[in-house]
Chemist: 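Structure below; questions to follow.
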Amino acid sequence: MELRNHLKRLEYGCRWLWIGLATTASVGGAEACALFAPRRARPDLYFRFARRWGKLFLLGSRCTLEGAKHIPSDRAVILASNHQSAFDIPLFHALMPVSFRWVSKRAFFSWPFIGRALKNMQAIGVVHGSRSEIRGAWQEAVEALKTGHDLVIFPEGTWGDREGRMLPFQKGVIRIAREANVPVVPITIAGSNRVNPPRTKEIHPGTIRMTIHPPMGPATWEGISDEAWLARLRDTIASAL
């Protein structure tokens with residue numbers, strides 16, 4: 001049993017080493033290419049490298065995508081997903097057929113490599129606990145949507161539990177959607193909590209499924225409260241878990 005545990009830890013270590021090397025190479029490659037690219041082209045350049053990074057990160061895991069046809073091509077949308085583990089971020093980059101901007105915790109902007117990539121991809125940082133900072137981030141998100149950028153938001157704000165159960169949804173997603181008058185596309189991630197249990201360094205073989213549901217447009221929130229609409233969003237996402 002002790003030998004098996006040592007081998008498991010060695011396996012996890014090798015996988016994280018690969019992920020670290022893939023991250024360093026991807027961000028380093030983007031940084032090098034950015035030196036010769038016009039400033040306006042840098043977000044797309046970093047996004048292309050992030051897509052390659054996501055695929056490298058997920059080597060060894062089987063990933064599937066269903067429902068890509070549900071993403072509108074004629075207007076910006078909010079892509080709202082449950083959040084099961086650290087593998088969800090590379091999953092979005094590897095599988096999502098459209099480019100997007102993250103709505104992310106501002107704390108991640110200070111992380112080595114990842115923080116610089118987020119800034120260059122024009123991610124929107126949120127400081128939890130600061131009402132004025134949150135309102136400023138919401139307004140930045142609204143402006144991004146009005147200028148044609150899709151946004152990814154995790155309404156839970158952080159990972160759910162090891163069993164994949166979702167946390168309560170925060171109101172930011174519906175407040176932004178109402179103000180920008182854009183549809184919300186519900187997305188279900190299933191299985192990443194088993195591949196990489198949240199708040200652990202474990203990595204197990206397995207399949208991660210991303211399911212994209214039909215968009216929930218402005219007509220779906222007319223005449224109902226934020227709480228009632230969030231319950232509908234939550235039920236839609238939970239239907240594919």
Chemist: Would you kindly confirm whether Leu21 and Val27 end up in one hydrophobic cluster when ILVMFWY residues are joined by side chain heavy atoms under 4.5 Å apart?
Modeler: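 Different clusters: Leu21 never reaches Val27 through Ile, Leu, Val, Met, Phe, Trp or Tyr contacts under 4.5 Å.
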
Chemist: How far apart are the closest heavy atoms of Glu31 and Asn120, and which atoms are they?
Modeler: OE2-ND2, 4.1 Å

Chemist: Are any of the side-chain heavy atoms of Asp150 and Val152 separated by less than 4.5 Å?
Modeler: no

Chemist: Between Tyr12 and Lys201, does a side chain to side chain contact (heavy atoms under 4.5 Å, CB included) hold up when you go through it step by step?
Modeler: CA-CA 7 Å; Tyr12 300 154; Lys201 296 180 180 178; 5.5 Å; no

Chemist: Look at the side chain of Ser26 and the backbone N and O of Thr23, then say whether any donor-acceptor pair between them is shorter than 3.5 Å.
Modeler: no

Chemist: Please say whether more than 12 non-hydrogen atoms of neighbouring residues, nucleotides or ligands are located less than 6.0 Å from NZ in Lys146.
Modeler: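 Buried by this count: over 12 neighbours within 6.0 Å.
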
Chemist: For the CG atom of Asn196 and the CD1 atom of Ile19, what is their distance to the nearest 0.5 Å?
Modeler: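 Output value for this atom pair is 8.0 Å.
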
Chemist: CE of Met216 to OG1 of Thr236: how many Å apart, nearest 0.5 Å?
Modeler: 5.0 Å

Chemist: Can you check whether Ile71 reaches Pro97 side chain to side chain, under 4.5 Å on heavy atoms?
Modeler: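 Side chain of Ile71 against side chain of Pro97, heavy atoms only: contact under 4.5 Å found.
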
Chemist: Taking the side chain as everything from C-beta on, heavy atoms only, tell me whether Cys63 gets closer than 4.5 Å to Leu95.
Modeler: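 In short, these two side chains touch, coming nearer than 4.5 Å.
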
Chemist: For Trp16, look at atom CH2 and say whether over 12 heavy atoms of other residues, nucleotides or ligands are found less than 6.0 Å away.
Modeler: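 Yes, CH2 of Trp16 has more than 12 neighbouring heavy atoms, counting only those of other groups under 6.0 Å.
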
Chemist: Using every non-hydrogen atom in the two residues, find where Glu140 and Arg101 come nearest and quote the distance to one decimal.
Modeler: OE2-NH2, 3.8 Å

Chemist: Is Arg232 reaching over with its side chain to a backbone N or O of Thr220, donor-acceptor style, under 3.5 angstrom?
Modeler: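 At least one qualifying donor-acceptor pair exists.
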
Chemist: So Ile176 and Ile153, do their side chains get closer than 4.5 Å, heavy atoms only?
Modeler: yes

Chemist: Indicate yes or no: does Arg135 engage Glu179 in a salt bridge with an N to O separation below 4.0 Å.
Modeler: yes

Chemist: Test side chain to side chain contact (heavy atoms under 4.5 Å, CB included) on Leu65 and Met96 and set out the steps.
Modeler: CA-CA 8 Å; Leu65 173 67; Met96 189 55 56; 5.6 Å; no

Chemist: With a 6.0 Å cut-off (strictly less than), is the heavy-atom count around CZ of Arg9, excluding the residue itself, greater than 12?
Modeler: yes

Chemist: Just by modelled atom types, is the Pro197 backbone N or O under 3.5 Å from a matching donor or acceptor in the Glu202 side chain?
Modeler: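 Not at all, since once roles are kept as given, no pair shorter than 3.5 Å links the two residues.
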
Chemist: How many angstroms lie between atom CG of Asn82 and atom CG of Leu167, to the nearest 0.5 angstrom?
Modeler: 10.5 Å

Chemist: Check for me, please, whether Val185 and Leu230 land in the same ILVMFWY cluster - side-chain distances under 4.5 Å, paths through other members count.
Modeler: no

Chemist: For a quick test of reading the model, state the closest non-hydrogen atom pair linking Ile189 to Leu241 and the distance between them.
Modeler: O-CD2, 3.5 Å

Chemist: His93 and ring-ring contact (aromatic ring centres under 6.0 Å, His included): which partner among Phe100, Phe87, Phe57?
Modeler: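 Of the listed options, the one satisfying the test is Phe100.
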
Chemist: Look up atom CD1 in Ile208 and atom CG in Asp88, then write down how far apart they are to the nearest 0.5 Å.
Modeler: 7.5 Å

Chemist: Applying a strict under-4.5 Å side-chain criterion to I, L, V, M, F, W and Y, I'd like to know whether Phe47 and Val103 cluster together.
Modeler: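 Not linked; separate clusters.
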
Chemist: Measure up the Trp102 and Phe154 rings against each other and bin them: parallel (under 30°), tilted (30 to 60°), perpendicular (over 60°).
Modeler: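 Correct class here is tilted.
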
Chemist: Just wondering, do Arg162 and Pro198 contact through their side chains at under 4.5 Å, heavy atoms?
Modeler: yes

Chemist: As a quick check of understanding, evaluate side chain to side chain contact (heavy atoms under 4.5 Å, CB included) for Gln84 and Trp159, giving each step before the final call.
Modeler: CA-CA 5 Å; Gln84 292 193 331; Trp159 300 324; over 6 Å; no

Chemist: Measure the shortest side-chain to side-chain distance between Leu91 and Ser61 over non-hydrogen atoms and say whether it is less than 4.5 angstrom.
Modeler: no

Chemist: Answer yes or no on whether Arg52 is positioned over the face of Phe49, meaning its NZ or CZ is under 6.0 Å from the six-membered ring centre and within 45° of the axis.
Modeler: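 That pair qualifies as a cation-pi contact.
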
Chemist: Can you check whether Ser192's main-chain N or O pairs, donor with acceptor, with Ser85's side chain at less than 3.5 Å?
Modeler: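 A pair under 3.5 Å: yes.
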
Chemist: Please round to the nearest 0.5 Å and tell me the distance separating atom NZ of Lys119 and atom CD1 of Ile114.
Modeler: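 Nearest 0.5 Å value for the NZ-CD1 distance: 12.5 Å.
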
Chemist: Could you tell me if the side chain of Arg48 sits less than 4.5 Å from the side chain of Asp44, heavy atoms only?
Modeler: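 With C-beta onward as the side chain, the pair touches.
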
Chemist: Please give me the minimum heavy-atom distance between Ala141 and Ile124, naming the atom from each residue.
Modeler: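 Heavy atoms of Ala141 and Ile124 come nearest at CA-CD1, 3.5 Å.
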
Chemist: Testing the basics here: between Pro155 and Ser81, what is the closest heavy-atom pair and its distance to 0.1 Å?
Modeler: CD-O, 3.1 Å

Chemist: Is any side-chain heavy atom of Ile187 closer than 4.5 Å to a side-chain heavy atom of Ile212?
Modeler: yes

Chemist: Work out which heavy atom in Met166 is nearest to a heavy atom in Arg234; give both atom names and the distance.
Modeler: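 Closest heavy-atom pair between Met166 and Arg234: O-NH2, 3.0 Å.
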
Chemist: Are Phe169 and Ile174 in one and the same hydrophobic cluster, where Ile, Leu, Val, Met, Phe, Trp and Tyr link if side-chain heavy atoms are under 4.5 Å apart?
Modeler: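 The answer is yes; both residues are in one hydrophobic cluster.
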
Chemist: Test of understanding: clusters of I, L, V, M, F, W, Y form through side-chain heavy atoms closer than 4.5 Å, transitively. Do Leu58 and Trp53 belong to the same one?
Modeler: yes

Chemist: To the nearest 0.5 Å, what is the distance between OG1 on Thr158 and CZ on Arg199?
Modeler: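 Going from the OG1 atom of Thr158 to the CZ atom of Arg199 covers 5.0 Å.
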
Chemist: Going through the distances and angles, do Phe92 and Met210 end up as a side chain to side chain contact (heavy atoms under 4.5 Å, CB included)?
Modeler: CA-CA 9 Å; Phe92 261 93; Met210 175 180 279; 3.9 Å; yes

Chemist: More than 12 foreign heavy atoms under 6.0 Å from CZ of Arg178: is that the case here?
Modeler: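 Yes.
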
